[in-house]
There are 2 protein chains.
Amino acid sequence: MAVTIKDVARAAGVSASTVTRALTMPELVHPETRDRVRRAAATLGYHPNRAARGLITGRTGNIGLLVPDLGNPFFPSVVKGVQARAHEADYAVFLADTDEDEAAEAGLVRRLSKQVDGIVLCSPRMPDEELRTLVADTPVVLVNRRIARVPSVTAEFPDAMRQAVSHLTALGHRRIAYVAGPRSAWANRERVRALRLVAGEMSVDLVEIGNVLPMFEGGVAAADQVLAARVTAVIGFNDLIALGLLNRFTARGVAVPADISVLGFDDIALAAMVNPSLTTVALPKEQSGRAGVDLLLQLLAEPDRQTAARRELPTQLMVRGSTGPANA
Amino acid sequence: MAVTIKDVARAAGVSASTVTRALTMPELVHPETRDRVRRAAATLGYHPNRAARGLITGRTGNIGLLVPDLGNPFFPSVVKGVQARAHEADYAVFLADTDEDEAAEAGLVRRLSKQVDGIVLCSPRMPDEELRTLVADTPVVLVNRRIARVPSVTAEFPDAMRQAVSHLTALGHRRIAYVAGPRSAWANRERVRALRLVAGEMSVDLVEIGNVLPMFEGGVAAADQVLAARVTAVIGFNDLIALGLLNRFTARGVAVPADISVLGFDDIALAAMVNPSLTTVALPKEQSGRAGVDLLLQLLAEPDRQTAARRELPTQLMVRGSTGPANA
DNA sequence: TTCAAGATCGCCAACGTTTTCATCGAAAAT
DNA sequence: ATTTTCGATGAAAACGTTGGCGATCTTGAA
């Protein structure tokens with residue numbers, strides 16, 4: 001059926017080993033035969049069977065990618081970055097979506113791990129200890145989560161939060177609400193921490209509002225609590241939550257930004273599409289995906305490095321229409 | 001390193017063949033040994049190496065999925081459906097994104113095809129002839145495109161369009177614009193066709209406006225032409241385009257739906273999040289993904305069926321805030 | 001002229017499975 | 001009691017690669 005290495009060998013009048021060498025270790029074969037083999041391979045349209053190769057080398061040429069929810073536009077962006085970089089390096093990508101089901105994560109990782117050389121875990125929700133046991137078995141790179149001695153890609157959260165709060169204080173806001181995302185999300189914990197720190201420094205009153213799902217509905221659900229808190233500005237854990245807030249505010253006749261300013265995180269495409277457009281802190285989404293793959297490839301190349309690589313990418317506040325001067 | 005079939009065999013005191021049989025053809029082994037083997041496999045945490053299995057069976061247990069652009073929320077939804085159904089059937093999913101690059105499609109399919117049992121091609125842009133040659137080599141199922149003698153999953157476009165136009169005419173609209181998506185998109189061609197038909201039947205004036213990319217920016221770009229066309233309603237090829245229109249209309253001070261009604265296609269989550277919310281025809285996104293996998297599995301099970309399976313799924317108009325009575 | 005070294009290439013084992021074939025009892029039929 | 005059948009199992013080949021080892025040939029130095 002498919003063209004195998006033997007077909008090429010026969011066509012070129014050499015042995016199978018020579019074909020392998022001609023294609024993967026060119027310096028070991030005579031230039032003349034090398035060209036002959038290559039021509040034969042090209043005309044027959046030969047591509048090595050990756051499964052067979054993987055069987056012997058222990059390398060599959062695949063990487064796995066796990067995300068919590070493709071329905072949140074943040075993640076497709078990361079996926080795109082992972083894809084792009086992986087394809088450049090001639091790796092294929094297995095994708096799995098956990099549907100925000102924390103319990104399913106470990107199982108999916110284990111399942112994927114047999115078929116891939118390593119896994120990019122994006123925003124995993126599982127607890128640290130569980131994560132640690134997984135990492136012991138499989139090469140893993142974390143995106144949007146940090147934990148000691150595991151390679152990770154994150155955004156500069158303290159700085160991101162500083163940009164956000166500075167912007168709001170510059171507009172005169174002194175009492176700010178934060179609508180928290182999932183407790184299990186590392187990014188949420190980091191944002192809370194950075195926010196408390198910055199709020200303290202800048203002496204702004206901080207009102208923290210419950211944990212909600214990182215979705216539009218979560219924002220809608222929290223909106224009335226925000227209004228009851230009598231703040232002049234609100235920061236959502238992510239853009240979807242911020243959009244939910246925006247939507248409910250409008251429904252209740254609360255004007256944005258005249259009555260209250262709204263600020264999100266992520267800068268999903270949608271943030272620029274709504275009216276008023278959403279001020280938000282842009283996270284490096286595609287870039288994070290690319291960096292994740294970079295780190296993974298590096299990890300695969302030198303598995304027994306002691307210090308885990310860590311990459312922290314810069315963020316950028318995007319000022320749009322949903323924030324304005326405080327109306328105390 | 002990893003636990004192999006031999007480890008299980010040794011632990012259970014049987015041969016490797018018996019282990020295989022106990023796990024995949026249980027009726028062939030003695031119940032007692034079967035249980036012994038299964039217990040051994042379970043305690044050792046044995047999972048067959050899929051590459052090795054694939055080598056001999058010719059089946060990889062993987063399927064490929066190709067989409068034009070993960071940045072368009074329509075596609076992540078389809079991906080979710082594919083994922084879900086594939087995992088149920090114990091298949092893993094290779095994902096690739098072509099970035100709306102028509103030329104890259106064939107190459108990616110060919111590349112994927114070595115590592116998967118079959119491919120779900122979602123909204124492929126390539127021309128029919130090229131598609132045909134691909135289909136000859138690899139089991140392929142089309143989602144959101146139809147072509148003779150290839151299994152496909154589509155939505156009921158004529159009916160979808162009928163719902164859309166009926167809604168508008170019921171509101172008194174008699175002159176309607178359509179903002180077309182990519183010429184290479186089958187879905188666009190179908191929508192145009194259905195629209196012309198329905199427009200004729202209902203005797204509404206139809207203004208077709210250029211081909212734009214199926215993105216927010218495409219809608220923004222087309223908006224002024226729409227206004228110049230002096231229509232009372234506009235249908236966008238998809239929700240992103242419709243949102244672009246909405247955005248530009250608002251920017252120009254044109255009220256929606258008071259001055260002009262806007263209607264989209266797809267019902268991406270975002271359609272309900274904006275203000276005014278977007279009236280749109282909901283396409284079965286996740287369902288299409290699931291159905292695509294179903295058809296693929298069916299195709300793999302009986303490769304030499306003559307008649308290609310075809311599934312046409314119903315659509316549903318979602319009336320929201322962007323459509324209202326015509327203001328002639 | 002001889003020999004060591006290097007270049008080039010073929011043979012074969014190995015990777016972890018599945019599957020065909022053969023073997024061996026035991027049960028059933030004669 | 002003898003043959004046949006069948007159920008249960010193991011041995012071995014095969015899938016398509018890769019890589020260690022050794023064989024052959026060339027080259028240049030002694």
Side-chain angles (χ1 to χ4, degrees), chain A residues 1-41 44-62 90-92 111 113-117 300, chain B residues 1-41 44-62 90-92 111 113-117 300:
Chain A
M1 182 65 63
V3 34
T4 102
I5 201 173
K6 286 183 190 165
D7 301 324
V8 179
R10 203 172 318 118
V14 297
S15 74
S17 339
T18 302
V19 175
T20 293
R21 283 189 281 254
L23 297 178
T24 65
M25 311 171 250
E27 70 282 2
L28 289 186
V29 316
H30 194 84
E32 191 183 309
T33 44
R34 169 160 51 74
D35 293 347
R36 192 149 35 91
V37 169
R38 285 186 168 169
R39 266 196 304 276
L44 293 179
Y46 169 72
H47 291 276
N49 179 321
R50 296 181 91 135
R53 169 186 287 175
L55 202 50
I56 182 136
T57 60
R59 286 285 177 93
T60 61
N62 302 328
D90 208 33
Y91 274 76
R111 197 164 138 176
S113 68
K114 320 278 175 198
Q115 318 190 51
V116 301
D117 295 338
L300 295 176
Chain B
M1 182 65 63
V3 35
T4 105
I5 200 172
K6 286 183 189 164
D7 300 324
V8 179
R10 202 171 320 118
V14 296
S15 75
S17 342
T18 303
V19 175
T20 293
R21 282 190 283 254
L23 298 177
T24 65
M25 310 171 254
E27 69 282 2
L28 290 186
V29 317
H30 194 85
E32 190 183 307
T33 45
R34 168 161 50 74
D35 292 347
R36 191 149 36 92
V37 169
R38 286 187 167 168
R39 266 197 304 277
L44 291 179
Y46 168 73
H47 291 276
N49 178 322
R50 297 181 89 135
R53 169 185 289 176
L55 202 50
I56 183 135
T57 60
R59 286 284 179 93
T60 61
N62 302 327
D90 208 34
Y91 274 76
R111 195 164 140 178
S113 68
K114 321 279 174 194
Q115 319 189 51
V116 301
D117 295 337
L300 294 175

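Numbered from 1 within each chain, the chains take letters A, B, ... in sequence-line order.
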- [ ] Grab the NE2-C1' distance between H47(B) and dT17(C) for me, whole Å please.
- [x] 16 Å

- [ ] Could you tell me whether the phosphate oxygens of dC9(C), OP1 or OP2, come under 4.0 Å of any side-chain nitrogen or oxygen in S15(A)?
- [x] no

Open item on the list: Nearest to the side chain of I56(B), heavy atoms from C-beta on, is which of dC15(D), dA14(C), dC21(D)?
Closed with: dC15(D)

Task: hbond_proxy T57(B) side chain to dC15(D) base (donor-acceptor, 3.5 Å cutoff) - done: no

TODO: Output the single nucleotide from dG16(C), dT18(D), dG10(C) whose closest atom is nearest the side chain of A16(A).
DONE: dT18(D)

- [ ] Compare the minimum distances between each of dT9(D), dT18(C), dG16(C) and the side chain of N49(B), then state the nucleotide with the smallest one.
- [x] dG16(C)

TODO: Look at the side chain of V14(B) and decide which nucleotide, out of dT18(D), dG10(C), dG10(D), has an atom nearest to it.
DONE: dG10(D)

TODO: Go through residues 27-37 of chain A and report each residue with a non-hydrogen atom lying under 4.0 Å from DNA chain C, sorted by number.
DONE: V29(A), H30(A), T33(A)

- [ ] Between dC11(C), dT9(D), dG16(D), spot the one nearest the side chain of S17(A), thanks.
- [x] dC11(C)

- [ ] Just compare dG10(D), dT17(C), dG19(D) and give me whichever is closest to any side-chain atom of M25(A).
- [x] dG19(D)

Task: Any R53(A) side-chain heavy atom under 4.5 Å of I5(A) side chain - done: no

Task: Closest nucleotide among dT17(D), dT17(C), dG16(C) to the I5(A) side chain - done: dT17(D)

Task: Under 4.0 angstrom between T20(B) side-chain N/O and dT18(C) OP1 or OP2 - done: yes

Task: Quiz item: R50(B) side-chain donor-acceptor pair to dG16(C) base, under 3.5 Å - done: no

